[in-house]
Amino acid sequence: MLTITLMFLFAIAVFAGAIYVVEEVLIYYYPEADIYLQIGFATIDWFIILITALRVANRDMVPETKVPWLICIIVFNIVGVIAYFTFSSHRPTKKQRARYLSLIERSIPYSKRKFTKQETENLLGSWADESEALALASPMAVLYGGTKTEYLSSGEVFLERLLEDLEKAEKFIFLEFFIIEKGKLWGSVLDILKRKVAEGVEVRVMYDDIGCMGKVHLRYHKTLRKLGIKCVKFNPFVPVVSNVHNNRDHRKIVVIDGKIGYTGGINLADEYANMVTYFGHWKDTAVRLEGEAVKSFTLMFLRLYNIQKKSAEDFSKYIPEEFEYFEDEGFVQPYGDGPRPLYGKHLGEDVYINLLNGAKRYVYIATPYLIIDYRLRETLILTAQRGVDVRILTPHIPDKKLPFALTRSNYLALIKGGVKIYEYTPGFVHAKMFVCDDEVAVVGTINLDYRSLLFHFEDAVLLYHSKAVLDIKEDMEKTFEVSALQTAQDAKKSVVWRWLCEFAKLFAPLF
C-alpha cells in the first residue's frame, strides 16, 4: 500500500512539474504570448476536466471510488486527470488476460460439476442458492463431497500439521504465499523442501514480490532455484508508474501431491506462529483439506504460476486419477477471486453478502481490517436488524496504524445498527473467516478491505455441514471471551482523530 501511494504522489509531482516547465519555456521565448497561453491552457484544462468527470460519473466501477477520483480531478486539474487515467483501472495487462483465458480453458476438463442443481438443493438446503450463485459467477468454483476438512485454530497448529504433511510428499509440493520471510518458520519449511528435492519430489514456490519486500532479498527466487526449487516472483516490481502493481497475489495455498491442501490467513513468517511477538499474541487460522476438492487449489496455483511463467503446461500430470472419499464430511467449495475482468464479479464480497442475507440465527466474522463499502456496511446492519446475532472480531493491537484507524472509524455506524464489535485484547487478529448458523463457514485470505475485495488475487473455501464449521464456531466463542465488546461511547472517542479518519476514508478505495 505504501509503495503504491508513493508512486501515485511521485506521478502527480512529475506531471505537475512537466506542465510547469513547458509553460515557463514558452513564456520565456514568447513573453507576449503569456495571456493567450493562460486562456488557452485554462480552456483546454476545463474541457478535459469536464469530459473526464463525466466519464468517472458514468463508469462501471465501485461507487466509493468515484468520489475520491472526482476530488482528485477537481483539486489537481489536468494532473488529476492524468493520474486518473494512469491508476484508476487496476486491470491486469492484455497479455495477462489472454493467458488467463487460455489457462481457464485448460482447467475446464478438471472442473466439471459434481452435482446437479436439484442435487445441490437436496444436499445443502437453504444454502443451495449461495452455492449456485458462486458456481454461476465462477464456473471453476466446484462443489465437492467426500473431502475431509480440518480447522487449524492458530499458526502453531498450522505449522505442526504442515510440516507433517510436507514430510510425506511423494510427487510434488506447491507453495503460493503473499509473504515469505527468513526466520525459524520458513527455515523449518525450507529444510524439508531441500530434502524433498533431493528425493526427486518436484517443489514449486511462488511468492508476491511487493509482499516480500524487506522480508527476503530481491534475488531470493534465484537462490531457491539454485537449491532445485522452481521459484517465481509474482508480478515483480519495476520502478515504472503504473497501476499493475496493485494486482498482488495475496493467496496462501499449499498443495501436496494433489491430495492435501491448505489455505487461510497464515503466511510463512515467524509472527504468524508467535515465534516472535511484535503486536501481542497473533491470532490466525487456516483450513486443511484432504480429498478431491484439493483439485481446485491445484488448478488455482497452476493458472497463476503459468501466467507468471508465460507458459501453458499440461495440467493432467498434477491431477490424481483417484481420490480417497471421506464419508459424512459435509461439502466444500473452494474458489478464487481477483481483479476484473479476469473475474467478472467481486466474488469475495458477493459471497460474504450472500452469507449475511442467508443467515437466520448468527454470523460471526473475523477480519484484521474493517474498511468496507456502503453495500457491505448496510448488509451487515440489515442482517443485525433482522434479529441475527452479528459479531465482528477485529484486532486491539494493530500491525498498521492507518488501516487500524480506518477500521475503528467504521465502528460507530455498525454499532448503532446493532452489530457487535469485539477487539481481541491479547493482540492482533489476522484470520479471515465467516461462520453462520452452525451450518456454513468461509476460511480464506479475503480481508474486509478494498485491497482484498477489489485488487488482489485471493482464495477461500466455503464449508457446508462439515465438522470444521462447529470447530470454527467454538473457537470464535472462546476468542470473544478474551475480547472487549466495543460500545458507541468507545467509538466516539477523540473527535478530531475521528474526523481525520473520515477524511482518509474518502481515499481508501484508491489504494
Side-chain angles (χ1 to χ4, degrees), residues 1-12 83 86-93 95-97 100 175-183 185-186 204-225 231-253 263 265-272 278 300-301 303-305 307-310 336-340 342-343 348 368-369 371 398-403 406 430 432 444-447 449-459 507-511:
M1 180 175 177
L2 178 60
T3 303
I4 304 300
T5 305
L6 291 175
M7 289 178 61
F8 181 80
L9 295 175
F10 175 74
I12 289 178
T86 304
F87 291 103
S88 68
S89 72
H90 309 296
R91 295 162 64 93
T93 65
K95 290 183 179 180
Q96 283 181 327
R97 298 200 295 270
Y100 189 80
L175 300 178
E176 178 180 351
F177 282 86
F178 181 60
I179 293 174
I180 290 176
E181 183 175 18
K182 290 183 177 180
L185 193 155
W186 172 238
R204 298 189 187 188
V205 173
M206 180 165 57
Y207 63 84
D208 188 84
D209 192 30
I210 288 181
C212 290
M213 280 188 174
K215 312 292 185 182
V216 295
H217 58 75
L218 294 177
R219 296 186 178 181
Y220 190 62
H221 60 303
K222 295 185 178 180
T223 299
L224 293 181
R225 288 175 189 171
C231 182
V232 298
K233 296 195 293 185
F234 182 82
N235 201 359
F237 175 78
V238 290
V240 175
V241 177
S242 170
N243 65 345
V244 298
H245 295 303
N246 261 328
N247 301 141
R248 307 318 316 169
D249 181 10
H250 194 243
R251 294 173 178 173
K252 293 92 178 169
I253 292 175
T263 193
I266 303 168
N267 283 297
L268 299 182
D270 287 352
E271 64 263 35
Y272 292 84
Y278 300 130
M300 278 186 223
F301 176 89
R303 286 195 294 269
L304 224 53
Y305 185 90
I307 283 178
Q308 199 56 55
K309 289 284 289 182
K310 300 178 182 178
D337 191 16
R340 299 173 71 181
L342 299 189
Y343 290 80
Y369 314 113
I371 309 172
D399 67 332
K400 303 177 184 70
K401 290 185 178 180
L402 180 57
L406 292 171
H430 193 254
K432 307 96 166 51
T445 68
I446 307 171
N447 295 320
D449 65 12
Y450 288 100
R451 297 209 60 77
S452 276
L453 299 175
L454 296 180
F455 308 147
H456 288 160
F457 289 92
E458 306 276 2
D459 75 89
F507 298 92
L510 302 187
F511 304 103

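Residue numbers run from 1 in the order of the sequence given.
The closest side-chain heavy-atom distance from F455 to R248 is not below 4.5 Å. Between Y278 and D399 there is no side-chain heavy-atom pair separated by less than 4.5 Å. In this structure, the side chains of V232 and R225 come closer than 4.5 Å at one or more pairs of heavy atoms.
Remark: R204 is positioned above the aromatic ring of Y305, its terminal NZ or CZ atom under 6.0 angstrom from the ring centre and at most 45 degrees off the axis.
Here the closest non-hydrogen pair linking R251 and G336 is NH2-CA, 4.0 Å. The two residues I179 and N267 come nearest to each other via the heavy atoms N-OD1, 3.0 Å. Heavy-atom minimum distance, D249 versus F178: O-CD1, 3.2 Å. Nearest heavy-atom pair, F177 versus I266, reported as atom, atom and distance to 0.1 Å: CE2-O, 3.2 Å. The two residues N447 and S452 have their closest heavy-atom pair at N-OG, 3.2 Å. When every heavy atom of L224 is checked against every heavy atom of C231, the shortest pair comes out as CD1-SG, 3.7 Å.
Of the options L175, L304, D459, a side chain to side chain contact (heavy atoms under 4.5 Å, CB included) to I253 is made by D459 and by none of the others.
To the nearest 0.5 Å, the span separating NZ on K233 from OH on Y207 amounts to 5.5 Å. Note that the CD1 atom of I210 and the CZ atom of F234 stand 10.5 Å from one another [nearest 0.5 Å]. Remark: L268 CG to E176 CD distance equals 11.5 Å, nearest 0.5 Å. A distance of 8.5 Å separates CG in D209 from CZ in F237, rounded to the nearest 0.5 Å.
For N235 (side chain) and N247 (main-chain N/O), a donor-acceptor pair under 3.5 Å exists by modelled atom type. Counting only distance, with no hydrogens or angles, the side chain of T445 and the backbone of G265 share no donor-acceptor pair below 3.5 Å. For K310 (side chain) and Q308 (main-chain N/O), no donor-acceptor pair under 3.5 Å exists by modelled atom type.
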Checking side-chain contact (heavy atoms from CB on, under 4.5 Å) for the pair V205/I180: CA distance, chi angles, key distance, verdict?
CA-CA 10 Å; V205 173; I180 290 176; 3.7 Å; yes

Might you work through the side-chain hydrogen bond (donor to acceptor under 3.5 Å, both in side chains) test for Y369 and K400, ending with a clear yes or no?
CA-CA 10 Å; Y369 314 113; K400 303 177 184 70; 3.3 Å; yes

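Aromatic ring orientation, H250 versus H456: parallel (interplanar angle below 30°, classes split at 30° and 60°).
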